[in-house]
Amino acid sequence: MKRTLLTGNAAAAWGARLANVDYIPSFPITPQTEIIESLSEWIDNGEMPGRLVTLESEHSMITAAGSAAATGIRTFSATSSQGLLYGMEMLYTVSGWRAPFVLVNVSRGLSSPITLEPDHNDIFAARDCGFLKIHCASCQEILDSILIAYRLGEDARVRLPVIVNMDGFYLSFTREPVVIPDEESAREFVGNFDPENIHFSASAPESQAVAVLGGGPYSYFRYETHLAAMNGLAAYEEIAEEFGQRFGRSHSAVESYCADDADYLFVMLGSFATKAKEAVDRLRVCGWSIGLVRPRLVRPFPASQLQHLLADRKGIAVIDQNISMGMGGVLHSELATALYGQSGKQPILASFIGALGGRDIAIEEFFEIAEVIKQAASSGVTPPPRLLYTREELREIRKLQAVARAERDELNNNSGHKKGEAQ
């Protein structure tokens with residue numbers, strides 16, 4: 001066991017290495033490429049067994065990953081943003097095969113307009129594909145979560161692929177202190193991949209299922225997959241508890257920070273939750289009764305744990321780093337569904353949308369959010385969803401728009417003069 005500085009991408013590569021993966025189908029995309037480069041270098045230098053193959057697209061990559069897992073091979077891959085969406089068809093397909101492997105997604109905002117910085121619209125676009133999903137807030141969590149993910153996906157009660165998600169740039173290229181477990185301990189924890197009934201061999205072909213099903217059998221198998229995903233709740237907690245006992249780090253399905261006695265809560269995912277922790281500390285110094293709740297596990301959704309943690313609060317601010325066009329924040333909608341119909345007085349559940357395209361959330365904005373939910377709790381009126389955006393940012397946008405209008409008018413005037421000259 002050693003402690004060193006690693007980027008989130010390097011931590012992901014170490015997670016795959018320690019899990020003793022056999023096969024890595026890959027396709028480069030910013031900001032994920034460093035993961036594949038690290039694994040490739042280790043394999044080329046003889047430091048790591050296994051085979052890495054570069055495919056022609058993410059669609060082929062995910063197909064190859066699922067196919068390899070279906071032959072009993074422990075498989076790892078990574079992608080990001082448009083890459084995840086490019087392979088979307090196969091996300092649904094390989095989860096239907098019940099072929100477990102781990103896919104790291106390095107979150108990045110989707111086009112258009114284009115950005116290289118993170119938000120969570122890519123991972124939430126894949127929300128319903130059948131993969132289990134773990135969201136990380138630190139480089140240490142990335143490494144640990146990959147080890148946990150192999151145990152989770154390969155568990156006999158689950159048998160599903162798992163996405164481990166990190167925020168691009170804020171984690172992928174940021175170095176943090178990370179404890180790397182020794183290889184023997186990590187591999188003992190992860191264990192060997194027992195493919196059970198999904199094992200396929202070309203020399204002894206065996207049909208897994210017919211190609212086309214009618215509504216009745218199709219419904220049965222789809223619901224079986226749903227039940228398997230739900231089994232992941234209990235399986236995750238057992239595996240995370242064992243991980244904590246072995247390595248001394250706790251990664252429960254839902255993290256709670258200063259929340260036991262809090263009247264108000266922030267709820268959010270990913271690395272920006274570390275900013276919320278700092279805001280909680282500062283607000284508590286100022287006398288606020290406030291805390292943070294951060295789901296690590298998003299699929300299966302830990303509804304009962306969240307219901308328990310959010311009960312009897314005065315106000316809850318859900319800060320989404322995504323936007324479902326025409327609806328709003330996805331996490332807010334899911335929490336509203338989980339809390340609907342619960343007994344007792346329901347807390348104010350306010351929606352805030354921030355950090356789109358990697359936009360920072362300043363500490364002052366967390367203070368403003370706290371004031372909004374406090375006032376809402378006092379009045380009993382839920383505020384409308386709000387985009388986190390400052391007046392200064394709006395002024396800058398207005399300046400850019402004014403420049404664009406002036407350039408357009410100049411082009412139109414020049415075009416008119418040329419037409420007049422031609423006549």
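Position 1 is the first residue of the sequence, and the numbers go up from there.
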Partners meeting salt bridge (Lys or Arg N to Asp or Glu O under 4.0 Å) with [X] (sequence neighbours left out):
X: Asp194; result: none
X: Glu117; result: none
X: Arg246; result: Glu188, Glu242
X: Glu37; result: none

More than 12 heavy atoms of other residues, nucleotides or ligands under 6.0 Å from CZ of Arg51: yes or no?
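No, the 6.0 Å shell around CZ holds no more than 12 heavy atoms from other groups.
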Asn192 atom CG: more than 12 heavy-atom contacts under 6.0 Å
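No, CG of Asn192 has 12 or fewer neighbouring heavy atoms, counting only those of other groups under 6.0 Å.
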Sequence neighbours left out, what passes side chain to side chain contact (heavy atoms under 4.5 Å, CB included) with [X]? Give chain and number order.
X: Thr382; answer: Ile348
X: Thr225; answer: Arg98, Leu160
X: Asp281; answer: Tyr257

Any sub-3.5 Å donor-acceptor pair from Arg108's side-chain atoms to Thr115's backbone N or O?
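Judged by distance alone, yes, a pair lies under 3.5 Å.
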Could you check whether any side-chain N or O of Arg386 sits under 3.5 Å from a backbone N or O of Ala350, counting only pairs where one atom can act as donor and the other as acceptor?
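No.
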Charged N to carboxylate O under 4.0 angstrom, [X] versus [Y]?
X: Glu392; Y: Arg395; result: yes
X: Arg17; Y: Glu183; result: yes
X: Glu334; Y: Lys133; result: no

Check residues 336-346 and write down every donor-acceptor pair under 3.5 Å in which the side-chain atom is one partner and the other belongs to a residue at least two apart or another chain.
unit_1	atom_1	unit_2	atom_2	d
Thr337	OG1	Ser333	O	3.0
Gln346	NE2	Gln342	O	3.0

Pair Val21-Val102, side-chain contact (heavy atoms from CB on, under 4.5 Å): steps then yes or no:
CA-CA 10 Å; Val21 299; Val102 173; over 6 Å; no
Say whether Asp122 and Ser107, considering side chains only, have a donor N or O and an acceptor N or O under 3.5 Å apart.
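Yes - a donor-acceptor pair under 3.5 Å links their side chains.
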Hydrogens and angles aside, do His59 and Glu89 bring a side-chain donor and acceptor to less than 3.5 Å of each other?
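Their side chains do contain a donor-acceptor pair, which is all the 3.5 Å distance test asks for.
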With sequence neighbours left out, which residue pairs that include part of [range] fulfil the ring-ring contact (aromatic ring centres under 6.0 Å, His included) condition?
range: residues 12-31; result: Trp14-Trp42
range: residues 348-384; result: Phe266-Phe366
range: residues 119-142; result: Phe101-Phe131, His120-His135

Apply the test side-chain contact (heavy atoms from CB on, under 4.5 Å) to residues Phe247 and Val179: give CA-CA distance (whole Å), side-chain angles for both, the deciding distance (0.1 Å), then the verdict.
CA-CA 10 Å; Phe247 301 106; Val179 175; over 6 Å; no
Under the side chain to side chain donor-acceptor pair (under 3.5 Å) test, residues paired with Glu176 that sit two or more places apart:
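Glu176: no side chain to side chain donor-acceptor pair (under 3.5 Å) contacts found.
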Could you walk me through whether Asn165 and Leu269 satisfy the side-chain contact (heavy atoms from CB on, under 4.5 Å) test, starting with their C-alpha distance in whole Å, then the side-chain angles of each, then the deciding distance to 0.1 Å, before giving a yes or no?
CA-CA 10 Å; Asn165 199 76; Leu269 303 171; over 6 Å; no
